Amino acid sequence: IHPSAVVAESAQLGEGVSIGANSTVEERVVIGANTTVSANCYIGYKTCIGSDSFLYPMVSTREFTEIGNRVIIHNGTVVGSDGFGYAVQPDGSRTKIPQIGKVVIEDDVEIGANVAIDRARFGKTRIGKGTKIDNLVQIAHNVVIGENSLIVSQVGISGSTTLGRIVVMGGQAATTGHITIGDQVM
(Lines give C-alpha, C1' and ligand atoms only; values in the text may rest on other atoms or scores of the structure.)
Protein backbone atom coordinates (compact mmCIF):
# COMPACT_ATOMS: atom_id res chain seq x y z
CA ILE A 1 0.00 0.00 0.00
CA HIS A 2 1.55 3.26 -1.13
CA PRO A 3 2.01 5.74 1.76
CA SER A 4 -0.14 8.36 -0.01
CA ALA A 5 -3.12 5.97 -0.41
CA VAL A 6 -6.08 6.43 1.93
CA VAL A 7 -7.51 3.09 3.03
CA ALA A 8 -10.43 2.99 5.46
CA GLU A 9 -9.88 0.96 8.62
CA SER A 10 -12.92 -1.21 7.87
CA ALA A 11 -11.62 -2.19 4.41
CA GLN A 12 -10.63 -5.85 4.05
CA LEU A 13 -7.64 -6.45 1.81
CA GLY A 14 -6.65 -9.98 0.77
CA GLU A 15 -3.11 -11.31 0.70
CA GLY A 16 -0.93 -9.70 -1.96
CA VAL A 17 -3.23 -6.72 -2.65
CA SER A 18 -1.49 -3.62 -4.01
CA ILE A 19 -2.92 -0.10 -3.62
CA GLY A 20 -1.22 2.63 -5.69
CA ALA A 21 -0.32 6.22 -4.94
CA ASN A 22 -3.13 8.66 -4.15
CA SER A 23 -5.85 6.00 -4.33
CA THR A 24 -8.80 6.00 -1.96
CA VAL A 25 -10.44 2.86 -0.59
CA GLU A 26 -13.65 3.70 1.27
CA GLU A 27 -15.33 2.05 4.27
CA ARG A 28 -16.37 -1.63 4.14
CA VAL A 29 -14.63 -2.34 0.82
CA VAL A 30 -13.48 -5.93 0.27
CA ILE A 31 -10.61 -6.63 -2.15
CA GLY A 32 -9.55 -10.21 -2.92
CA ALA A 33 -6.06 -11.68 -2.99
CA ASN A 34 -3.48 -10.52 -5.54
CA THR A 35 -5.61 -7.67 -6.88
CA THR A 36 -3.90 -4.45 -7.97
CA VAL A 37 -5.51 -1.04 -7.61
CA SER A 38 -3.18 1.36 -9.47
CA ALA A 39 -2.52 5.03 -8.75
CA ASN A 40 -5.31 7.59 -8.43
CA CYS A 41 -8.17 5.09 -8.22
CA TYR A 42 -11.33 5.54 -6.17
CA ILE A 43 -13.00 2.48 -4.66
CA GLY A 44 -16.40 3.46 -3.23
CA TYR A 45 -18.24 2.39 -0.11
CA LYS A 46 -18.96 -1.35 0.17
CA THR A 47 -17.44 -2.15 -3.22
CA CYS A 48 -16.34 -5.77 -3.52
CA ILE A 49 -13.50 -6.72 -5.89
CA GLY A 50 -12.51 -10.36 -6.39
CA SER A 51 -9.08 -11.93 -6.60
CA ASP A 52 -6.44 -11.49 -9.31
CA SER A 53 -8.08 -8.38 -10.77
CA PHE A 54 -6.25 -5.32 -12.08
CA LEU A 55 -7.49 -1.71 -12.08
CA TYR A 56 -5.33 0.67 -14.10
CA PRO A 57 -4.83 4.31 -12.99
CA MET A 58 -7.80 6.62 -12.51
CA VAL A 59 -10.52 3.96 -12.37
CA SER A 60 -13.51 4.91 -10.22
CA THR A 61 -15.93 2.42 -8.76
CA ARG A 62 -18.89 3.92 -7.00
CA GLU A 63 -20.62 2.56 -3.91
CA PHE A 64 -21.92 -1.04 -3.79
CA THR A 65 -20.16 -2.09 -7.02
CA GLU A 66 -19.40 -5.81 -7.33
CA ILE A 67 -16.41 -6.86 -9.44
CA GLY A 68 -15.50 -10.51 -9.95
CA ASN A 69 -12.23 -12.40 -10.23
CA ARG A 70 -9.63 -11.81 -12.94
CA VAL A 71 -11.28 -8.58 -14.10
CA ILE A 72 -9.18 -5.95 -15.89
CA ILE A 73 -10.38 -2.34 -15.99
CA HIS A 74 -8.37 0.21 -17.99
CA ASN A 75 -7.59 3.88 -17.32
CA GLY A 76 -10.32 6.41 -16.71
CA THR A 77 -13.26 4.02 -16.57
CA VAL A 78 -16.15 4.87 -14.24
CA VAL A 79 -18.23 2.01 -12.87
CA GLY A 80 -21.46 2.81 -11.04
CA SER A 81 -22.11 6.44 -11.92
CA ASP A 82 -25.76 7.49 -11.71
CA GLY A 83 -28.03 6.40 -14.53
CA PHE A 84 -29.42 9.24 -16.67
CA GLY A 85 -32.92 9.51 -15.25
CA TYR A 86 -35.09 12.62 -14.84
CA ALA A 87 -38.78 13.24 -14.29
CA VAL A 88 -40.37 16.09 -16.26
CA GLN A 89 -42.20 18.62 -14.09
CA PRO A 90 -45.32 20.56 -15.20
CA ASP A 91 -43.18 23.63 -15.95
CA GLY A 92 -40.87 21.57 -18.20
CA SER A 93 -37.99 21.43 -15.73
CA ARG A 94 -36.45 18.09 -14.84
CA THR A 95 -35.97 16.52 -11.44
CA LYS A 96 -33.32 13.85 -10.90
CA ILE A 97 -34.66 10.34 -10.25
CA PRO A 98 -32.50 8.64 -7.61
CA GLN A 99 -30.43 5.77 -8.98
CA ILE A 100 -30.14 3.38 -6.04
CA GLY A 101 -29.15 0.11 -7.73
CA LYS A 102 -25.65 -1.15 -8.40
CA VAL A 103 -23.31 -2.61 -11.02
CA VAL A 104 -22.21 -6.26 -11.07
CA ILE A 105 -19.23 -7.23 -13.22
CA GLU A 106 -18.77 -10.99 -13.38
CA ASP A 107 -15.50 -12.97 -13.64
CA ASP A 108 -13.00 -12.68 -16.51
CA VAL A 109 -14.35 -9.39 -17.90
CA GLU A 110 -12.05 -6.81 -19.49
CA ILE A 111 -13.17 -3.19 -19.78
CA GLY A 112 -11.30 -0.66 -21.93
CA ALA A 113 -10.31 2.92 -21.21
CA ASN A 114 -12.85 5.68 -20.54
CA VAL A 115 -15.89 3.42 -20.38
CA ALA A 116 -18.95 4.55 -18.41
CA ILE A 117 -21.16 1.90 -16.81
CA ASP A 118 -24.18 3.35 -15.00
CA ARG A 119 -25.66 1.93 -11.83
CA ALA A 120 -29.21 0.64 -12.04
CA ARG A 121 -32.16 2.74 -11.01
CA PHE A 122 -33.28 -0.27 -8.98
CA GLY A 123 -31.65 -3.69 -9.08
CA LYS A 124 -28.47 -4.30 -11.10
CA THR A 125 -26.65 -3.33 -14.24
CA ARG A 126 -24.86 -6.59 -15.09
CA ILE A 127 -21.84 -7.38 -17.28
CA GLY A 128 -21.71 -11.14 -17.92
CA LYS A 129 -18.77 -13.45 -17.39
CA GLY A 130 -16.04 -13.32 -20.04
CA THR A 131 -17.37 -10.19 -21.75
CA LYS A 132 -14.83 -7.86 -23.38
CA ILE A 133 -15.59 -4.14 -23.71
CA ASP A 134 -13.47 -1.80 -25.85
CA ASN A 135 -12.66 1.87 -25.13
CA LEU A 136 -15.21 4.70 -25.05
CA VAL A 137 -18.36 2.64 -24.49
CA GLN A 138 -21.50 3.85 -22.65
CA ILE A 139 -23.59 1.26 -20.82
CA ALA A 140 -26.73 2.78 -19.32
CA HIS A 141 -28.69 1.92 -16.20
CA ASN A 142 -30.27 -1.54 -15.81
CA VAL A 143 -28.50 -2.96 -18.88
CA VAL A 144 -27.76 -6.70 -18.81
CA ILE A 145 -24.98 -8.05 -21.05
CA GLY A 146 -24.79 -11.82 -21.40
CA GLU A 147 -21.68 -13.96 -21.06
CA ASN A 148 -18.79 -13.79 -23.51
CA SER A 149 -20.12 -10.81 -25.43
CA LEU A 150 -17.91 -8.39 -27.33
CA ILE A 151 -18.69 -4.65 -27.23
CA VAL A 152 -16.48 -2.58 -29.57
CA SER A 153 -15.46 1.09 -29.26
CA GLN A 154 -18.00 3.90 -29.12
CA VAL A 155 -20.99 1.59 -28.63
CA GLY A 156 -23.92 3.03 -26.71
CA ILE A 157 -26.36 0.70 -24.96
CA SER A 158 -29.49 2.48 -23.75
CA GLY A 159 -31.20 1.85 -20.44
CA SER A 160 -32.91 -1.44 -19.58
CA THR A 161 -31.59 -3.20 -22.69
CA THR A 162 -30.74 -6.90 -22.41
CA LEU A 163 -28.10 -8.55 -24.59
CA GLY A 164 -27.95 -12.34 -24.78
CA ARG A 165 -24.85 -14.55 -24.67
CA ILE A 166 -22.01 -14.14 -27.18
CA VAL A 167 -23.43 -10.93 -28.68
CA VAL A 168 -21.07 -8.79 -30.78
CA MET A 169 -21.76 -5.06 -31.20
CA GLY A 170 -19.46 -3.38 -33.76
CA GLY A 171 -17.92 0.06 -33.41
CA GLN A 172 -20.33 2.97 -33.06
CA ALA A 173 -23.42 0.73 -32.94
CA ALA A 174 -26.17 1.70 -30.54
CA THR A 175 -29.43 0.40 -29.14
CA THR A 176 -32.61 2.09 -28.15
CA GLY A 177 -33.77 1.37 -24.61
CA HIS A 178 -35.93 -1.45 -23.23
CA ILE A 179 -35.17 -4.03 -25.95
CA THR A 180 -33.84 -7.58 -25.86
CA ILE A 181 -31.18 -8.84 -28.27
CA GLY A 182 -30.93 -12.65 -28.48
CA ASP A 183 -27.93 -14.94 -28.12
CA GLN A 184 -25.13 -14.91 -30.72
CA VAL A 185 -26.42 -11.82 -32.55
CA MET A 186 -23.91 -9.61 -34.36
Side-chain angles (χ1 to χ4, degrees), residues 1-2 5-83 99-120 122-135 137-151 155 157 162-167:
I1 299 173
H2 191 277
V6 177
V7 178
E9 287 186 28
S10 63
Q12 298 177 32
L13 306 181
E15 185 175 334
V17 166
S18 175
I19 308 293
N22 301 313
S23 288
T24 299
V25 177
E26 294 283 1
E27 297 289 339
R28 300 179 70 189
V29 166
V30 176
I31 301 176
N34 304 313
T35 288
T36 297
V37 176
S38 298
N40 299 307
C41 289
Y42 173 81
I43 310 300
Y45 176 76
K46 275 187 120 174
T47 289
C48 182
I49 303 173
S51 298
D52 302 306
S53 293
F54 196 101
L55 279 60
Y56 281 92
M58 299 187 298
V59 169
S60 293
T61 65
R62 291 272 306 272
E63 60 277 8
F64 304 109
T65 296
E66 295 178 17
I67 298 171
N69 300 310
R70 299 171 305 281
V71 171
I72 299 169
I73 305 177
H74 290 270
N75 301 64
T77 288
V78 178
V79 179
S81 53
D82 285 352
Q99 307 289 301
I100 60 173
K102 63 181 172 179
V103 175
V104 175
I105 298 171
E106 296 179 354
D107 295 344
D108 303 304
V109 169
E110 184 163 357
I111 300 169
N114 296 313
V115 172
I117 303 174
D118 292 347
R119 71 178 44 259
F122 303 111
K124 300 172 185 172
T125 298
R126 181 178 298 278
I127 311 300
K129 180 179 179 177
T131 292
K132 310 304 180 197
I133 300 171
D134 198 1
N135 303 332
V137 170
Q138 161 63 28
I139 299 170
H141 58 102
N142 294 88
V143 166
V144 175
I145 299 177
E147 294 181 5
N148 298 311
S149 291
L150 189 66
I151 311 298
V155 162
I157 304 174
T162 299
L163 277 60
R165 298 177 61 252
I166 317 171
V167 169

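Note that the numbering runs from 1 along the sequence shown for the chain. A quick note: this is a predicted structure, and the numbers were derived from the prediction, not measured.
To the nearest 0.5 angstrom, D107 atom CG is 10.0 Å from E147 atom CD. Of the inter-residue distances, the one linking S60 atom OG with I43 atom CD1 reads 8.0 Å to the nearest 0.5 angstrom.
Side-chain contact between R62 and D82 is present, with heavy atoms from C-beta onward closer than 4.5 Å. Taking the side chain as every heavy atom from C-beta outward, V59 and I111 never approach each other to under 4.5 Å. For the pair T65 and I117, the minimum side-chain heavy-atom distance is 4.5 Å or more. Using a 4.5 Å cut-off on side-chain heavy atoms (C-beta onward), T61 and V29 make no contact.
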Under 3.5 Å, sequence neighbours excluded: what are the donor-acceptor pairs made by side chains of residues 7-19?
| from | atom 1 | to | atom 2 | distance (Å) |
| --- | --- | --- | --- | --- |
| S10 | OG | E27 | OE1 | 2.3 |
| S10 | OG | R28 | N | 2.8 |

Could you tabulate the donor-acceptor pairs under 3.5 Å formed by side-chain atoms of residues 66-74, not counting sequence neighbours?
| from | atom 1 | to | atom 2 | distance (Å) |
| --- | --- | --- | --- | --- |
| E66 | OE2 | K102 | NZ | 2.3 |
| N69 | OD1 | S51 | N | 2.7 |
| R70 | NE | D108 | OD1 | 2.6 |
| R70 | NH2 | D108 | OD2 | 3.2 |
| H74 | NE2 | E110 | OE2 | 2.7 |

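With sequence neighbours left out, the side-chain hydrogen bond (donor to acceptor under 3.5 Å, both in side chains) criterion links D118 to S81, Q138. For N114, the side chain to side chain contact (heavy atoms under 4.5 Å, CB included) criterion is met by L136, not counting sequence neighbours. Under the rule for a ring-ring contact (aromatic ring centres under 6.0 Å, His included), the partners of Y45 that lie at least two apart in sequence or sit in another chain are F64. Taking Y42 as the reference, E26 meet the side-chain hydrogen bond (donor to acceptor under 3.5 Å, both in side chains) condition, with sequence neighbours excluded.
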*Please assess I151 against V115 for the test side-chain contact (heavy atoms from CB on, under 4.5 Å), listing each intermediate value before the final yes or no.*
CA-CA 11 Å; I151 311 298; V115 172; over 6 Å; no
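Atom NZ of K129 has 12 or fewer heavy atoms from other residues, nucleotides or ligands within 6.0 Å.
No option in T131, L150, I105 other than T131 meets the side chain to side chain contact (heavy atoms under 4.5 Å, CB included) test with I145. When each of V79, V104, I139 is checked for a side chain to side chain contact (heavy atoms under 4.5 Å, CB included) with I127, only I139 meets the rule.
Scanning both residues, N148 and G130, for their nearest heavy atoms gives OD1-CA, 3.5 Å. Of all heavy-atom pairs between E63 and R119, the closest is O-NH2, 2.8 Å. Between S38 and S23, the shortest heavy-atom contact is O-OG, 2.7 Å. For the residue pair C41 and V37, the shortest heavy atom distance occurs at CB-CG1, 3.5 Å. The heavy-atom pair separating N142 from F122 by the smallest distance is ND2-O, 2.7 Å.
When atom types are taken as modelled, the side chain of T125 and the backbone of V103 share no donor-acceptor pair closer than 3.5 angstrom.
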